[in-house]
Amino acid sequence: MPIAHYGVLKGKAFASLRATAQSEHYQILINHGNNPHRIAINTKSSEAPSQVLYYASDDFHHEITDALNQADLAVGFTALDSKPGGLALDFIRRNLFDHAEMIPLPSQGPGDNDDLNDRLDFFVQQAIRDDSAVVYAFGQHWQDNSGKDKYFAEINPSTGIHDIHMNQGNPPGSFFGDNGIWQDGGLLFHFASRNRWAAVFTAFQSQSFHTDDVHGNPITEPQPPDQTKANIRIIAAMVNPKGEEPGKEYIILLNKTNQDINLSGWQIVDKLKKADTIGNQVLPAGDTVRIKLTGQGAQLSNKGGNITLLNKEQVKIDGVTYTKEDASVEDQLVEL
C-alpha cells in the first residue's frame, strides 16, 4: 500500500533540532501556539548506503509555486490526492529537478556545510528569522494521541509530518510497500519579503528513479541502456501562441548525438499526463526539430506546466518545467 495520509503542511517555522546519533532526524517546530506540528526529516538511511541524496535550490522556479500561490492553503495540514494536476509531488513525473544533480551527504560531519544537518539548517534558520517566510512540507501526516511530543512539548498530542523524501522506487524489502506515485515528500520555502522560493528534496540511494506508472515500483530500463537518454533535450516551447491556441503549440527538441534519431512512437506528455504521440519524424544528428502539438493530446497551460519526453519504451528521456511568468508573453518561445 502507498503511504497513508499524504499531504502538505503549511506554516511558520519557530525552532529546530539537529539530528543526533540517537535520532537521525532533523526536527522543525511549525506554527507555535497555532495548530503546532513537528516536521521530521530523515538525515540517514536505514538501508545501505546510509548517506542521503540531497538537492536544493535557493532560487527555485517551478510551476508548483504558482499552484501553491493559487491554492492559498490554510495554515496546518491539507490532505492531497496522489494524482497529477493538483499539488502532489512526484520527483519523476513533475520534473521538479534533475536527479543527476543530487549528491550524497552524511547526517553529520566535522566541518561546516559538509553534512545534511548543515544544509537543512541553512534554509530553516532563514525561515525562522524571516517573519514573512512560509514553509510547505510534503509527506505523511501523523497524530499520536498517547501523549505530548517528545521533541517539542507544546505539541500535545504529538502531531506532525514525516516521510519528507522520495516515496517511490524502493526495492523489495522493508519499504517496498510504501511505494506509490504522486506522493513524494519535500520542503518548499516561500520568502515573501524577497519574492523568492527555495526548495529541498531528498532521496535514498537504494531507491530507483525509473518506476512504473501504477505502483511506483522500480523497473529495469531496457538493456542495453538507451544511449539517447540525456542526449535528446527539450530546449524551448511555444506555450502561448498568438490568437487561438489549439494546434499552434509546439516544442523544440535538440539532438546532441552524432546519430539521427527516429522519434516514431515517442510521446510528449503534459502535467495532466495527456500525451501526443510523435509520428514518423527523424531528428537529425546535432540538429533540432519542431514537434507540433495536435491540441487533442498534450497541452501547454499558460498557468505553468511540465513537459516530458518519453521514448517508445515509455522511458523518460527528458523533462522540463515552466512557470506562469514564463508563459505570460504571447507568441514568444519559452527557453527551457
Side-chain angles (χ1 to χ4, degrees), residues 1-9 41-42 52-57 60-68 70-71 73 78-102 136-141 161-171 175-188 197 199-204 206-219 221 229 234 267-275 298 300-301 303-310 314-323 336:
M1 293 289 291
I3 63 171
H5 311 299
Y6 177 71
V8 58
L9 173 67
I41 307 164
N42 295 71
V52 173
L53 292 173
Y54 165 90
Y55 171 89
S57 171
F60 186 62
H61 295 269
H62 192 279
E63 52 85 17
I64 184 62
T65 63
D66 293 327
L68 285 169
Q70 185 176 0
L73 299 174
T78 299
L80 298 177
D81 292 329
S82 293
K83 63 182 183 181
L87 296 178
L89 301 187
D90 190 302
F91 285 11
I92 299 168
R93 295 160 186 84
R94 197 156 195 165
N95 302 333
L96 288 164
F97 60 97
D98 182 354
H99 69 82
E101 296 182 13
M102 300 189 93
Y136 296 86
F138 293 78
Q140 180 173 205
H141 189 258
I161 192 166
H162 63 146
D163 289 335
I164 315 295
H165 49 68
M166 184 172 171
N167 290 307
Q168 61 182 304
N170 292 298
F175 303 103
F176 186 75
D178 293 341
N179 286 337
I181 60 174
W182 295 99
Q183 59 162 28
D184 287 332
L187 286 175
L188 294 177
W197 287 80
V200 174
F201 301 112
T202 60
F204 301 122
S206 58
Q207 293 173 314
S208 171
F209 281 85
H210 186 44
T211 64
D212 71 71
D213 279 335
V214 178
H215 303 293
N217 293 333
I219 54 179
E221 293 191 22
K229 196 166 185 179
I234 304 168
Q267 290 187 324
I268 303 297
V269 184
D270 67 15
K271 68 178 181 180
L272 295 178
K273 294 291 288 181
K274 294 181 178 180
L300 308 183
S301 170
K303 297 181 180 179
N306 303 303
I307 310 171
T308 300
L309 177 66
L310 305 178
Q314 295 293 292
V315 175
K316 179 178 174 180
I317 301 300
D318 195 21
V320 295
T321 185
Y322 62 92
T323 66
L336 302 165

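Keep in mind that this is a model prediction, so the values were computed, not measured. Residue numbers run from 1 in the order of the sequence given.
The nearest pair of heavy atoms linking Lys271 to Gly304 is NZ-O, 3.0 Å. Residue Asp90 comes nearest to Leu96 through the heavy atom pair O-CD1, 3.9 Å, listed as atom of the first residue, atom of the second, then distance. Nearest heavy-atom pair across Ala137 and Leu187 is CB-CD2, 3.7 Å.
Between the Arg94 side chain and the Ala88 main chain, a donor and an acceptor come within less than 3.5 Å of each other. For Tyr322 (side chain) and Lys303 (main-chain N/O), no donor-acceptor pair under 3.5 Å exists by modelled atom type. Between the side chain of Gln183 and the backbone N or O of Ile3, at least one donor-acceptor pair lies under 3.5 Å. Between the side chain of Tyr6 and the main chain of Asp184, a donor-acceptor pair closer than 3.5 Å is present. In this structure, His62 contributes its side chain and Asn95 its backbone to a donor-acceptor pair below 3.5 Å. Put simply, the side chain of Asp98 gets close to the backbone of Ala100: a donor and an acceptor are under 3.5 Å apart. For Asn167 (side chain) and Asn179 (main-chain N/O), no donor-acceptor pair under 3.5 Å exists by modelled atom type.
Side-chain contact check for Leu336 versus Ile307: some heavy-atom pair is nearer than 4.5 Å. Within the 4.5 Å cutoff, side-chain heavy atoms of Leu68 are placed close to those of Trp197. Pro218 places a side-chain heavy atom less than 4.5 Å from the side chain of Phe176. Put simply, the side chain of Leu188 reaches to within 4.5 Å of the side chain of Phe201, judged on heavy atoms. Side-chain atoms of Leu73 and Leu87, non-hydrogen and from C-beta on, do get closer than 4.5 Å to each other. Residues Ile164 and Asn42 fail the side-chain proximity criterion, which asks for heavy atoms closer than 4.5 Å. Here the side chains of Thr202 and Leu53 are not in contact, with every heavy-atom distance at 4.5 Å or above.
A salt bridge links Asp213 with Arg93: the closest approach of a Lys/Arg side-chain nitrogen to an acidic carboxylate oxygen falls below 4.0 angstrom.
Defined by atom type and a distance below 3.5 Å, a donor-acceptor pair is present between the side-chain atoms of Asn306 and Thr321. Checked by atom type, the side-chain pair Thr211/Gln168 shows a donor-acceptor distance below 3.5 Å. If you check the side chains of Gln207 and Asn170, you find a donor sitting under 3.5 Å from an acceptor.
In this structure, Phe97 has its ring center under 6.0 Å from that of Phe91.
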Test ring-ring contact (aromatic ring centres under 6.0 Å, His included) applied to Tyr55 and His99, step by step
CA-CA 8 Å; Tyr55 171 89; His99 69 82; over 10 Å; no
Give the intermediate values and the outcome of side chain to side chain contact (heavy atoms under 4.5 Å, CB included) for residues Val52 and Phe204.
CA-CA 5 Å; Val52 173; Phe204 301 122; 4.0 Å; yes
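Partner of Thr308 under the side-chain contact (heavy atoms from CB on, under 4.5 Å) criterion, chosen from Val269, Ile92, Asp270, Asp318: Val269.
Around atom CD of Gln314, more than 12 heavy atoms belonging to other residues, nucleotides or ligands sit under 6.0 Å away.
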